[in-house]
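Take a look at the structure below.
Residue indices begin at 1 and follow the sequence shown.
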Amino acid sequence: MSQIDLGWGEGPSERYENLAAKFRPIFAGISAGALDRELGRKLPGAEIARLKDARFGALRVPEAEGGFGATVPELLNLLIELSAADSNITQALRGHFGFAEDIVNKAEGTDRRRWTDRLARGEIAGNAWTEIGNARQDTFATAVSEKDGRFVISGRKYYTTGSLFADWINVGVTGLDGASGTVQVRRDDPGVEVVDDWDGFGQILTASGTTTFRDAVVDPADVVADENQFRYGAAFYQAIHLATLAGIGRALADETASAVAKRVRHYSNAAGPRSSQDPQVLQVVGRIRGNAYTAGAIVLQVGRAIERAYHAHFGGDAEAEERANAIAELETSQALTVVTDLILEASTIVFDALGASSTRKPNGLDRHWRNARTLASHNPRIYKDRIVGDFAVNGTPPPYQWRIGLAG
């Protein structure tokens, strides 16, 4: 059944339904096991493997280079659908899609082709950027060095989301010249150890734990300086969070409607003989669905801004590209607090529609709030309205990138 028939609105393109049809059977299988995986804390390795076999990670690779040639709005809409099935999996693939976006921004040549060939085969990348403890904002302790005539990296990272499931890991490093950049290493390199020690209360199946590098070998061609990475990266990565939240909203809407339809027990002081005929309960269900619909519509609008930035990169006009990048970041920032508020509200009022029995652990409804709250905490959303206001009042462009750590 199409998005329109389900009431989620028109897809982002005329071909979207055909593109989505390739993956919806996999999404359905993912959804069927999502609650059991959550309750048993079973990592979704097999589910991600099925997506890899379907070359889901090659969505943004142009068709001429072996991929699906999806636009940014098409990608985000597919990620909304995947997140409705299991938001853990979208989060686990976020680093991959960010890395793939950097690849499709590269100029034609050997470096680009080497990676588009890998992506087109279905290979995926995880990420390893954040360092905790006494890590500094302005540099990475994980660094490139030379050993026995080869480039290697050593260091420890946390929040290495998705790396446990990946073929490659995209690593933030300090290069030989002392500047920040990235490198890619093989996940199965003997110098790489990935541990699922993520102890957060949400997104618990993303394996967002520790990765340790001990003289892991790096191809010199894969050392990329920060300034050579795609400029709208912050907006793109945050848009994936927004798509994930919108998908959580859809899951909430569907699960709540299904539970209300089946519910027989009801209160003596209710406004109807059973929940499915109680206008106050139906109002809650409608509010949840409206929140999810609005979140999805906002995500597609943000996707169009990012798509413009992508095309501006190849337009040959540096000023126009800079403007498009700034607007993409601004639109993402404007959307962030609104989308998170919509989904956090939906994940709370679900219990108003279902009563105390809905709080039982086997129902797993709490996972939606925990997952949404965890995603919302990644973005420092408290800063977004200030950044948007500074642009509106003073014309200050939004920052393209930020880091966490000790200042100075």
Side-chain angles (χ1 to χ4, degrees), residues 3 6-9 11-12 27 30-31 34 38 44 72-98 159 161-162 200-206 208 234-256 287-306 328-329 331-351 364-385 388:
Q3 274 205 161
L6 290 170
W8 295 120
F27 295 169
I30 287 171
S31 178
E38 179 80 16
V72 174
E74 287 171 341
L75 169 66
L76 294 177
N77 213 58
L78 282 167
L79 293 182
I80 291 173
E81 293 198 34
L82 174 58
S83 301
D86 187 342
S87 66
N88 287 282
I89 293 178
T90 311
Q91 176 72 353
L93 294 175
R94 177 174 174 258
H96 167 79
F97 283 112
Y159 300 115
T161 306
F201 63 65
Q203 297 295 108
I204 63 174
L205 305 181
T206 57
S208 299
F236 184 87
Y237 278 106
Q238 297 232 10
I240 294 179
H241 275 329
L242 298 182
T244 310
L245 285 162
I248 290 172
R250 287 195 189 179
L252 276 163
D254 290 342
E255 289 181 32
T256 308
R287 180 63 174 265
I288 293 170
R289 191 177 175 89
N291 283 19
Y293 174 84
T294 304
I298 292 171
V299 169
L300 291 188
Q301 184 73 0
V302 169
R304 285 188 279 271
I306 296 174
E329 180 62 35
E331 289 199 34
T332 309
S333 296
Q334 288 174 167
L336 196 144
T337 53
V338 176
V339 170
T340 53
D341 283 350
L342 287 169
I343 305 307
L344 287 172
E345 181 193 45
S347 65
T348 298
I349 65 174
V350 58
F351 301 100
L365 285 173
D366 62 305
R367 75 189 190 278
H368 296 305
W369 181 87
R370 290 187 288 102
N371 290 341
R373 182 61 266 180
T374 300
L375 288 166
S377 300
H378 282 303
N379 289 313
R381 69 179 191 141
I382 62 168
Y383 303 131
K384 294 302 181 180
D385 288 340
V388 171

**OP:** Could you pull out the closest heavy-atom pair between Val302 and Ala335, with the gap in Å?
**Re:** CG2-CB, 3.6 Å

**OP:** Could you list the residues that satisfy side chain to side chain donor-acceptor pair (under 3.5 Å) with Asp341, not counting sequence neighbours?
**Re:** Arg381

Original post:
Considering residues at least two apart in sequence or located in another chain, which fulfil the side chain to side chain donor-acceptor pair (under 3.5 Å) criterion with Thr90?
Top reply: Ser83

**OP:** Indicate the ring-plane relationship of His241 and His378, choosing parallel, tilted or perpendicular according to the 30° and 60° boundaries.
**Re:** parallel

Original post:
How long is the gap from CD1 on Ile248 to CZ on Arg373, to the nearest 0.5 Å?
Top reply: 11.5 Å

**OP:** Would you please name every residue forming a salt bridge (Lys or Arg N to Asp or Glu O under 4.0 Å) with Asp385, sequence neighbours left out?
**Re:** none

**OP:** Quick one: list whatever passes ring pair (Phe, Tyr, Trp, His ring centres under 6.0 Å) with Tyr383, sequence neighbours left out.
**Re:** none

Original post:
CD1 of Ile343 to CZ of Arg250: how many Å apart, nearest 0.5 Å?
Top reply: 10.0 Å

Subject >> Approximate separation, where rounding is to 0.5 Å, of Leu82 CG and Leu76 CG >> reply: 12.0 Å

**OP:** Mind checking the NZ-OG1 spacing from Lys384 to Thr332? Nearest 0.5 Å is all I need.
**Re:** 8.0 Å

Subject >> side-chain contact (heavy atoms from CB on, under 4.5 Å) partners for Arg287, two or more places apart >> reply: Asn291, Glu345, Ile349

Original post:
Taking the side chain from Gln203 and the backbone from Ser87, do they hold a donor-acceptor pair closer than 3.5 Å?
Top reply: yes

Original post:
If you round to the nearest 0.5 Å, how far is CG of Leu245 from CG of Leu344?
Top reply: 7.5 Å

Original post:
Is there side-chain contact between Trp8 and Asn77, with heavy atoms separated by less than 4.5 Å?
Top reply: no

**OP:** Check side-chain contact (heavy atoms from CB on, under 4.5 Å) between Arg370 and all other residues, then give those that pass, not counting sequence neighbours.
**Re:** Glu38, Phe201, Ile204, Asp366, Arg367

**OP:** Of all the heavy-atom pairs spanning Gly202 and Thr374, show the shortest one and how long it is.
**Re:** CA-OG1, 3.2 Å

Original post:
Under the salt bridge (charged side-chain N to carboxylate O under 4.0 Å, His left out) rule, what pairs show up with a residue in residues 79-94, not counting sequence neighbours?
Top reply: Arg24-Glu81, Arg37-Asp86

Subject >> side-chain contact (heavy atoms from CB on, under 4.5 Å) against Thr161, all qualifying residues, sequence neighbours excluded >> reply: Gln91, Asn127, Thr206, Ser208

Subject >> Evaluation steps, side chain to side chain contact (heavy atoms under 4.5 Å, CB included), between Phe27 and Leu78 >> reply: CA-CA 10 Å; Phe27 295 169; Leu78 282 167; 4.3 Å; yes

Subject >> Test side-chain contact (heavy atoms from CB on, under 4.5 Å) applied to Ala92 - qualifying residues, sequence neighbours left out >> reply: Ile48, Phe165

Original post:
By ring pair (Phe, Tyr, Trp, His ring centres under 6.0 Å), which residues pair with Tyr293, not counting sequence neighbours?
Top reply: none

Original post:
Do you know which two heavy atoms are closest between Ala251 and Ala84, and how far apart they sit?
Top reply: CB-O, 3.4 Å

Original post:
Any side-chain heavy-atom pair from Val350 and His368 closer than 4.5 angstrom?
Top reply: no

Original post:
Rounded to the nearest 0.5 Å, how far apart are CG of Leu79 and CD of Glu74?
Top reply: 12.0 Å

**OP:** Give the minimum heavy-atom separation between Ala85 and Ala34, together with the two atoms involved.
**Re:** O-CB, 3.4 Å

Original post:
Among all residues two or more places apart in sequence or in another chain, which pass the ring pair (Phe, Tyr, Trp, His ring centres under 6.0 Å) test with His96?
Top reply: none

**OP:** Would you name the heavy atoms of Pro73 and Arg304 that are closest together and state the gap between them?
**Re:** CG-N, 3.8 Å

Subject >> Contact summary for Ala239 and Ile306, nearest pair of heavy atoms >> reply: CB-CD1, 3.6 Å

